Amino acid sequence: MSDPRLWNDVDAYFSALLSPEDEALQAARRDSDAEGLPPISVTAAQGKLLQLLARLQGARNILEIGTLGGYSTIWLARALPEDGRLITLEYDAHHADVARRNLAHAGLDRTVQVRVGPALETLPKLADENPPPFDLVFIDADKVNNPHYVEWALRLTRTGSLIVLDNVVRGGKVTDPASTDPSVRGTRAALELIAEHPRLDGTALQTVDSKGYDGFALARVLD
């Protein structure tokens, strides 16, 4: 039952049946590969999950921290109403350029704004604009700063908003309190923040799929 080939087969079956990629999504994945971006985007099934979560939230405003080539951005943006908006933050200028092209190809360039720079620099600037609260925040960037991203997400959301934190298992190393891996330490700190903060109610789940063994955390913002 732990055979990765089985995970891949099941993931392919679920994706083909329930979350098939259209041409724009296929192009986003293909063009990201061609431009040398790391193959770390969410899977199709994970993208569909994000889309469903956004729709369940009735999201009108979405914040994404970590754009890469815009694959997850497309899934999320398609959940928005016509007057909805998505702001996505990307550290790497080349990745941002690829994402902009992919979003334009998907017809979402007017819905999505890609902002470039370290997120801990662009987030304060975003907050200074006093934007409407975000209904959903998807965090999928450098793991070292995960607790800071969760704190900023809490500041930029409202009661009832949803925060989704990706890649929380770290190959199982997340259980090690003595780990010196910065990504593990950052992830543990973010999970502890979710557990302890009086305005957050969350959980975390392990996953197996075509990306291997991983997981994500979900947190609802309370009063």
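Atom set for the values below is all heavy atoms of this structure, side chains included, hydrogens, waters and symmetry mates excluded. If you're wondering where the values come from, they're calculated on a predicted model, not measured in any experiment.
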[X]-[Y] co-clustered via ILVMFWY side chain contacts under 4.5 Å:
{"X": "Leu50", "Y": "Val114", "value": "yes"}
{"X": "Val116", "Y": "Val98", "value": "no"}
{"X": "Val150", "Y": "Leu136", "value": "no"}
{"X": "Val144", "Y": "Leu120", "value": "no"}
{"X": "Ile87", "Y": "Trp152", "value": "yes"}

Return the minimal non-hydrogen interatomic distance between [X] and [Y], and the atom names on each side.
{"X": "Ala54", "Y": "Ile62", "value": "CB-CD1, 4.0 Å"}
{"X": "Ile65", "Y": "Ala119", "value": "CG2-CB, 3.9 Å"}
{"X": "Glu21", "Y": "Ala44", "value": "CG-CB, 4.2 Å"}
{"X": "Thr88", "Y": "Glu64", "value": "OG1-OE1, 2.6 Å"}
{"X": "Ala28", "Y": "Tyr71", "value": "CB-CD1, 4.4 Å"}
{"X": "Asn102", "Y": "Ser32", "value": "ND2-OG, 3.6 Å"}

Just by distance, do the side chain of [X] and the backbone of [Y] share a donor-acceptor pair under 3.5 Å?
{"X": "Thr175", "Y": "Gly172", "answer": "yes"}
{"X": "Arg199", "Y": "Leu222", "answer": "yes"}
{"X": "Gln51", "Y": "Leu76", "answer": "no"}
{"X": "Arg60", "Y": "Gly84", "answer": "no"}
{"X": "Asp135", "Y": "Gln57", "answer": "no"}
{"X": "Ser161", "Y": "Arg158", "answer": "yes"}
{"X": "Asn145", "Y": "His148", "answer": "no"}
{"X": "Glu90", "Y": "Asp92", "answer": "yes"}
{"X": "Asp166", "Y": "Phe216", "answer": "no"}
{"X": "Asp22", "Y": "Leu25", "answer": "yes"}

Short side-chain donor-acceptor distance under 3.5 Å, Gln26 and Arg30:
no
Is a side-chain donor-acceptor pair under 3.5 Å present for His105 with Glu23?
yes
Does this structure show an ion pair linking Glu35 with Arg101, if we count only N-O contacts that are shorter than 4.0 Å?
yes
Please list all pairs passing the salt bridge (Lys or Arg N to Asp or Glu O under 4.0 Å) test where one or both residues lie in residues 136-150, with sequence neighbours left out.
Asp140-Lys143
From CA spacing to verdict: side-chain hydrogen bond (donor to acceptor under 3.5 Å, both in side chains), Arg115, Gln113
CA-CA 6 Å; Arg115 301 192 181 191; Gln113 182 182 120; 2.3 Å; yes
[atom1] of [X] to [atom2] of [Y]: how many Å apart, nearest 0.5 Å?
{"X": "Leu63", "Y": "Ile139", "atom1": "CG", "atom2": "CD1", "result": "8.0 Å"}
{"X": "Leu200", "Y": "Ile194", "atom1": "CG", "atom2": "CD1", "result": "6.5 Å"}
{"X": "Glu129", "Y": "Leu156", "atom1": "CD", "atom2": "CG", "result": "10.0 Å"}
{"X": "Glu192", "Y": "Arg185", "atom1": "CD", "atom2": "CZ", "result": "10.0 Å"}
{"X": "Leu165", "Y": "Leu191", "atom1": "CG", "atom2": "CG", "result": "6.5 Å"}

Going by heavy atoms in the side chains, are [X] and [Y] under 4.5 Å from each other?
{"X": "Pro132", "Y": "Arg85", "result": "yes"}
{"X": "Glu151", "Y": "Leu123", "result": "no"}
{"X": "Thr111", "Y": "Leu80", "result": "yes"}
{"X": "Leu68", "Y": "Ser41", "result": "yes"}
{"X": "Thr207", "Y": "Tyr213", "result": "no"}
{"X": "Leu218", "Y": "Leu53", "result": "yes"}
{"X": "Ile74", "Y": "Leu103", "result": "yes"}
{"X": "Val42", "Y": "Phe138", "result": "yes"}

Salt bridge (charged side-chain N to carboxylate O under 4.0 Å, His left out) assessment of Arg100 paired with Asp97
CA-CA 5 Å; Arg100 289 190 182 103; Asp97 287 341; 3.3 Å; yes
Checking Phe134 against Leu126 for the side chain to side chain contact (heavy atoms under 4.5 Å, CB included) test, could you report, in this order, the C-alpha distance in whole Å, the side-chain angles of both residues, the deciding distance, and whether it holds?
CA-CA 12 Å; Phe134 291 98; Leu126 176 60; 4.0 Å; yes
Looking at residues at least two apart in the chain, or sitting in another chain, which of them share a side chain to side chain contact (heavy atoms under 4.5 Å, CB included) with Thr43?
Asp11, Ala45, Gln46, Asp209, Ser210, Lys211
Counting only heavy atoms not in Asp223 (residues, nucleotides, ligands), do more than 12 fall under 6.0 Å from its CG?
no
For Glu121, which residues count as a salt bridge (charged side-chain N to carboxylate O under 4.0 Å, His left out) partner, sequence neighbours excluded?
none
List the steps and the verdict of side chain to side chain contact (heavy atoms under 4.5 Å, CB included) for Asn167 and Thr187.
CA-CA 8 Å; Asn167 307 129; Thr187 299; over 6 Å; no
